[in-house]
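Sequential numbering from 1 along the given sequence is applied to the chain's residues. The shown structure was predicted, so the numbers you read here are calculated from the model rather than taken from an experiment.
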Amino acid sequence: MCRRRRRPGCRAIRWMPWFAVFAPAGTPSAVIEKVNAALRAATRDPKVREVAAASGVVLKPLTVAEMETLARQDVETLARVVREAGLRLE
């Protein structure tokens, strides 16, 4: 494994864990946008920001399109890492 120190054959990967709310396929986009707007509004609340910061959470509210892009990019990156490393589910 590639931990902390760079090892021969290991490429550096920049990846940050994230949290998101997903809806079932087929959910009307108006509903998704409404939920997204409410969640984004909540992240502007000073108390929510205070609790998040105290827990070490960095809030970075995204639009639906931004989250879609981020999720797709991360899935593609991590799938490539798994393939290149030859990892298999047992």
Student: Taking only residues two or more places apart in sequence, or in another chain, which ones meet D45 in a side chain to side chain donor-acceptor pair (under 3.5 Å)?
Tutor: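 D45: no side chain to side chain donor-acceptor pair (under 3.5 Å) contacts found.
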Student: Tell me, which pairs form a salt bridge (Lys or Arg N to Asp or Glu O under 4.0 Å) where one or both residues lie in residues 19-43, sequence neighbours left out?
Tutor: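 Of all non-adjacent pairs touching residues 19-43, none passes salt bridge (Lys or Arg N to Asp or Glu O under 4.0 Å).
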Student: Taking the hydrophobic residues Ile, Leu, Val, Met, Phe, Trp and Tyr, and joining any pair whose side-chain heavy atoms are under 4.5 Å apart, which ones share a cluster with V64?
Tutor: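 Listed partners: I32.
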Student: Run the side chain to side chain contact (heavy atoms under 4.5 Å, CB included) test against R72 and tell me which residues pass, sequence neighbours left out.
Tutor: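 For R72 the side chain to side chain contact (heavy atoms under 4.5 Å, CB included) partners, ignoring immediate neighbours, are E68.
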Student: The criterion is side chain to side chain donor-acceptor pair (under 3.5 Å); which residues satisfy it with T63, sequence neighbours excluded?
Tutor: E66
Student: Is there a path of hydrophobic side-chain contacts, each under 4.5 Å between heavy atoms of I, L, V, M, F, W or Y residues, that connects F22 with V31?
Tutor: no
Student: If you group Ile, Leu, Val, Met, Phe, Trp and Tyr whenever their side-chain heavy atoms sit less than 4.5 Å apart, what else falls in with V51?
Tutor: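 Listed partners: none, V51 stands alone.
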Student: With a 4.5 Å cut-off on side-chain heavy-atom distances among I, L, V, M, F, W and Y, is there a chain of contacts connecting V81 to M16?
Tutor: no
Student: Report the residues that fulfil side chain to side chain contact (heavy atoms under 4.5 Å, CB included) with A71, sequence neighbours left out, ordered by chain and then residue number.
Tutor: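 Partners of A71 under the side chain to side chain contact (heavy atoms under 4.5 Å, CB included) test: W18, M67.
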Student: Through direct or indirect side-chain contacts below 4.5 angstrom among Ile, Leu, Val, Met, Phe, Trp and Tyr, which residues connect to V48?
Tutor: V57, L59
Student: Only pairs at least two apart or in different chains count here, so list each salt bridge (Lys or Arg N to Asp or Glu O under 4.0 Å) that has a residue in residues 46-61.
Tutor: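 Counting only pairs at least two positions apart or across chains, the salt bridge (Lys or Arg N to Asp or Glu O under 4.0 Å) contacts touching residues 46-61 are K47-E50.
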